[in-house]
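Every value quoted in this text rests on a predicted model; they were computed, and no experiment measured them.
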Amino acid sequence: MRTGTRAAISAPHLRTDRWWLAPAATAAGLLAFIVYSTWRAFANADYYAAPYVSPFYSPCLAENCEPMRAGPNWDLFGSWWGISPAIIVLIFPLGFRLTCYYYRKAYYRGFWASPPACAVAEPHGTYTGETRFPLILQNIHRYFFYAALPVAGILTYDTVLAFRDEHYAWGHMGLGTLVFLVNIVLIWAYTLSCHSCRHIVGGKLKHFSKHPVRYRMWQWVSRLNGRHMQLAWASLLSVALADLYVYLVASGAFDDPRFF
């Protein structure tokens with residue numbers, strides 16, 4: 001933001017490159033995911049095709065869930081819950097991503113132009129950061145991280161169940177199994193590359209030499225953390241593709257090819 005203490009330059013910026021491409025692409029990508037995930041979350045249909053369950057609907061916590069043999073069916077919400085069961089659980093992974101440090105940067109620049117790019121003044125007259133409602137809620141990111149861990153664990157269980165066929169017999173692998181494997185690897189990599197995870201593992205230590213195990217864990221998480229942006233986008237794409245794959249199989253638009 002330009003103020004009286006800044007240099008008296010009439011132009012809002014002196015950049016001549018296409019600086020707007022990056023925030024525009026970010027906004028388009030996030031908007032596409034928001035539209036798709038909202039449609040699928042409220043659809044309440046075509047989210048289970050044995051042995052695959054959409055990651056948007058797992059675990060299924062309502063009585064109106066489709067029965068999934070040995071799957072994540074936990075009827076915590078009774079018949080009074082009439083809308084899609086995906087709404088119950090999606091708040092946790094979505095809250096984790098919304099408060100993520102990288103995603104904050106992405107949608108701050110892409111949607112709010114705060115600022116839209118480096119060396120480009122933001123259009124807002126005042127700036128309060130994350131000290132007021134609603135942005136102060138970003139500070140609960142660590143707690144969403146704690147909630148994201150069991151969700152990732154349940155998706156891991158779903159991936160194990162994907163080594164069955166449509167008759168629930170073990171020892172089989174289809175294209176959907178491969179899709180689920182790629183997705184869960186990226187989900188865990190993104191989750192563990194989180195800045196909060198890095199601080200939990202190695203934060204508040206004055207002497208790494210006295211904590212060799214935590215130091216090695218911190219080094220490993222730090223390497224992942226260096227790829228946090230790429231893992232954020234890759235896992236966002238993979239979870240959408242996993243849901244789309246289940247939708248195509250469940251709706252009858254596509255038959256799951258079996259490798260063995």
Enquirer: What pair of heavy atoms forms the shortest contact from Ala240 to Phe56, and how long is it?
Expert: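 Smallest interatomic distance, heavy atoms only, reads CA-CZ, 4.4 Å.
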
Enquirer: Under a 4.5 Å cut-off applied to non-hydrogen side-chain atoms, are Leu175 and Tyr245 in contact?
Expert: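 Counting from C-beta outward, Leu175 and Tyr245 do come under 4.5 Å.
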
Enquirer: Assert yes or no for the condition that the ring centre distance of Tyr102 to His228 is strictly below 6.0 Å.
Expert: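 No, the ring of Tyr102 stays outside the 6.0 Å limit from the ring of His228, centre to centre.
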
Enquirer: Return yes if some donor-acceptor pair links the side-chain N/O of Tyr57 with the main-chain N/O of Asn44 below 3.5 Å, else return no.
Expert: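 At least one qualifying donor-acceptor pair exists.
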
Enquirer: Give the C-alpha distance, both sets of side-chain angles, the deciding distance and a yes or no for side chain to side chain contact (heavy atoms under 4.5 Å, CB included) between His172 and Arg258.
Expert: CA-CA 8 Å; His172 299 275; Arg258 289 286 165 176; 3.9 Å; yes

Enquirer: Are Trp112 and Ile136 linked, directly or through other ILVMFWY residues, by side chains that come within less than 4.5 angstrom of each other?
Expert: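 No.
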
Enquirer: Would you say the side-chain atoms of Ser251 pair up with the backbone N or O of Asp46, donor to acceptor, closer than 3.5 Å?
Expert: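 Such a contact is absent between Ser251 side chain and Asp46 backbone.
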
Enquirer: Under the 6.0 Å and 45° cation-pi test, does Arg104 pair with Tyr101?
Expert: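 Ring-cation test returns yes.
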
Enquirer: Same cluster or not: Tyr108 versus Leu21, using hydrophobic residues (I, L, V, M, F, W, Y) connected whenever any side-chain heavy atoms lie under 4.5 Å apart?
Expert: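 In one cluster with Tyr108: Leu21, no.
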
Enquirer: For side chain to side chain contact (heavy atoms under 4.5 Å, CB included), just list the numbers for Trp39 and Ile34, CA-CA rounded to whole Å, side-chain angles, deciding distance to a tenth of an Å, and then say yes or no.
Expert: CA-CA 9 Å; Trp39 165 60; Ile34 291 170; over 6 Å; no

Enquirer: Just checking, any donor-acceptor pair under 3.5 angstrom between side chains of Arg142 and Thr99?
Expert: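 Side-chain D/A pair, Arg142 to Thr99: absent.
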
Enquirer: Is a side-chain N or O of Ser114 found less than 3.5 angstrom from the main chain of Arg109, in a donor-acceptor match?
Expert: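 Checked: no pair found.
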
Enquirer: Report the distance from atom CD1 of Ile200 to atom CE of Met217, rounding to the nearest 0.5 Å.
Expert: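 Taking CD1 in Ile200 and CE in Met217, the distance rounds to 10.0 Å.
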
Enquirer: Check Val120 against Arg15 and note the closest heavy-atom contact, atom names and distance.
Expert: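 It is CG2-CD, 3.9 Å.
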
Enquirer: Using a 4.5 Å cut-off on heavy atoms from C-beta on, say whether the side chain of Phe133 contacts that of Leu137.
Expert: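 Contact flag for Leu137/Phe133 side chains = yes.
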
Enquirer: Parallel, tilted or perpendicular, judged at 30° and 60°: which one describes the rings of His141 and Phe96?
Expert: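 Ring orientation, 0 to 90° scale: parallel.
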
Enquirer: Working to the nearest 0.5 angstrom, can you tell me the gap between Tyr47 OH and Ser54 OG?
Expert: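 So the gap between those two atoms works out to 9.5 Å.
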
Enquirer: Do any N or O atoms from the side chain of Asn73 and from the backbone of Glu66 form a donor-acceptor pair under 3.5 angstrom?
Expert: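 Yes, Asn73 side chain to Glu66 backbone: donor-acceptor pair under 3.5 Å.
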
Enquirer: Do Trp220 and Leu205 share a hydrophobic cluster, counting only Ile, Leu, Val, Met, Phe, Trp and Tyr and linking them when any side-chain heavy atoms are less than 4.5 Å apart?
Expert: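 The answer is yes; both residues are in one hydrophobic cluster.
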
Enquirer: Linking I/L/V/M/F/W/Y whenever any side-chain heavy atoms sit under 4.5 Å apart, do Val239 and Met229 land together?
Expert: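 As far as the 4.5 Å side-chain criterion goes, Met229 and Val239 are connected within one cluster.
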
Enquirer: Could you give the distance from CG (Leu94) to CZ (Phe144), rounded to the nearest 0.5 Å?
Expert: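 Going from CG on Leu94 over to CZ on Phe144, the span is 9.0 Å.
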
Enquirer: More than 12 heavy atoms of other residues, nucleotides or ligands under 6.0 Å from CG of Asp255: yes or no?
Expert: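 12 or below, so no.
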
Enquirer: Which pair of non-hydrogen atoms, one from Val246 and one from Tyr48, has the smallest distance, and what is that distance?
Expert: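 It is CG1-N, 4.0 Å.
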
Enquirer: With side-chain hydrogen bond (donor to acceptor under 3.5 Å, both in side chains) as the criterion, how do Arg97 and Tyr103 come out once you've worked through the C-alpha distance, each side chain's angles and the decisive distance to 0.1 Å?
Expert: CA-CA 7 Å; Arg97 287 184 181 267; Tyr103 281 112; 2.8 Å; yes

Enquirer: Give me the ring orientation class for Tyr52 and Phe180: parallel if the planes are under 30° apart, tilted from 30 to 60°, perpendicular past 60°.
Expert: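 Rings of Tyr52 and Phe180: tilted, as their planes differ by 30° to 60°.
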
Enquirer: Can you check side chain to side chain contact (heavy atoms under 4.5 Å, CB included) on Leu149 and Thr191, steps first, answer last?
Expert: CA-CA 8 Å; Leu149 289 177; Thr191 303; 3.9 Å; yes

Enquirer: Working to the nearest 0.5 angstrom, can you tell me the gap between Ile187 CD1 and Ser238 OG?
Expert: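 So the CD1 of Ile187 and the OG of Ser238 are separated by 5.0 Å.
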
Enquirer: Test Ser193 against Asn225 for side-chain hydrogen bond (donor to acceptor under 3.5 Å, both in side chains), laying out the working first.
Expert: CA-CA 4 Å; Ser193 70; Asn225 183 257; 5.7 Å; no

Enquirer: Does the pair Ser196 and Tyr146 meet the rule for a side chain to side chain contact (heavy atoms under 4.5 Å, CB included), with working shown?
Expert: CA-CA 10 Å; Ser196 290; Tyr146 294 145; over 6 Å; no

Enquirer: Please answer whether the main-chain N or O of Val201 pairs with a side-chain N or O of Arg214 as donor and acceptor at a distance below 3.5 Å.
Expert: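 Side chain of Arg214 to backbone of Val201, a donor-acceptor pair under 3.5 Å: yes, one is there.
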
Enquirer: Kindly give the cluster partners of Ile88, where membership spreads through any ILVMFWY side chain lying under 4.5 Å from a current member.
Expert: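 Ile88 shares its hydrophobic cluster with Phe42, Leu61, Trp74, Leu76, Phe77, Trp80, Trp81, Ile83, Ile87, Ile154.
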
Enquirer: Is it true that atom CE of Met173 has more than 12 heavy atoms of other residues, nucleotides or ligands lying nearer than 6.0 Å?
Expert: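 Yes, the 6.0 Å shell around CE holds more than 12 heavy atoms from other groups.
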
Enquirer: Considering non-hydrogen atoms only, spot the tightest contact between Trp19 and Ala117 and give its length.
Expert: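 Shortest heavy-atom contact: CE3-CB, 3.8 Å.
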
Enquirer: Supply the atom-to-atom distance Leu224 CG to Leu192 CG, rounded to the nearest 0.5 angstrom.
Expert: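 Result: 6.5 Å between the selected atoms.
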
Enquirer: Taking the side chain as every heavy atom from C-beta outward, state whether Pro59 and Val89 have any atom pair closer than 4.5 Å.
Expert: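 Yes, close enough: below the 4.5 Å cut-off.
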
Enquirer: How far does CG of Leu236 sit from CG of Leu231, to the nearest 0.5 angstrom?
Expert: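 One gets 12.0 Å once the value is rounded to the nearest 0.5 Å.
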
Enquirer: Are the side chain of Arg40 and the backbone N or O of Ala45 linked by a donor-acceptor pair below 3.5 Å?
Expert: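 Checking the backbone N and O of Ala45 against the side chain of Arg40, a donor-acceptor pair under 3.5 Å is found.
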
Enquirer: Are the side chain of Asp256 and the backbone of Gly174 linked by a donor-acceptor contact shorter than 3.5 Å?
Expert: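 Not at all, since once roles are kept as given, no pair shorter than 3.5 Å links the two residues.
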
Enquirer: Parallel under 30°, tilted from 30 to 60°, perpendicular over 60°: which one fits the rings of Tyr215 and Phe208?
Expert: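 Answer is tilted, since the angle falls between 30° and 60°.
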
Enquirer: Is a donor on one side and an acceptor on the other found under 3.5 Å between the side chain of Tyr36 and the backbone of Leu244?
Expert: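 Flag set: sc Tyr36 to bb Leu244 pair under 3.5 Å.
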
Enquirer: Taking all atoms of both residues into account, what is the closest heavy-atom pair of Pro123 and Ala113, and its distance?
Expert: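 Smallest heavy-atom distance, with atoms named: CD-O, 3.2 Å.
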
Enquirer: Might you work through the side-chain hydrogen bond (donor to acceptor under 3.5 Å, both in side chains) test for Ser58 and Asp158, ending with a clear yes or no?
Expert: CA-CA 8 Å; Ser58 183; Asp158 294 340; 2.4 Å; yes

Enquirer: Taking all non-hydrogen atoms of both residues, which atom of Phe145 and which atom of Cys197 are closest, and how far apart?
Expert: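 For Phe145 versus Cys197, the nearest heavy atoms are CZ-CB, 3.5 Å.
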
Enquirer: So, do Leu30 and Phe111 sit near enough that their side-chain heavy atoms are less than 4.5 Å apart?
Expert: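 With C-beta onward as the side chain, the pair touches.
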
Enquirer: For Ser235 and Trp188, what are the C-alpha separation, side-chain angles and deciding distance, and is it a side-chain hydrogen bond (donor to acceptor under 3.5 Å, both in side chains)?
Expert: CA-CA 9 Å; Ser235 61; Trp188 274 115; over 6 Å; no

Enquirer: The test is disulfide bond (SG atoms under 2.5 Å apart); show your working for Cys100 and Cys194 and say whether it passes.
Expert: CA-CA 7 Å; Cys100 163; Cys194 167; over 6 Å; no

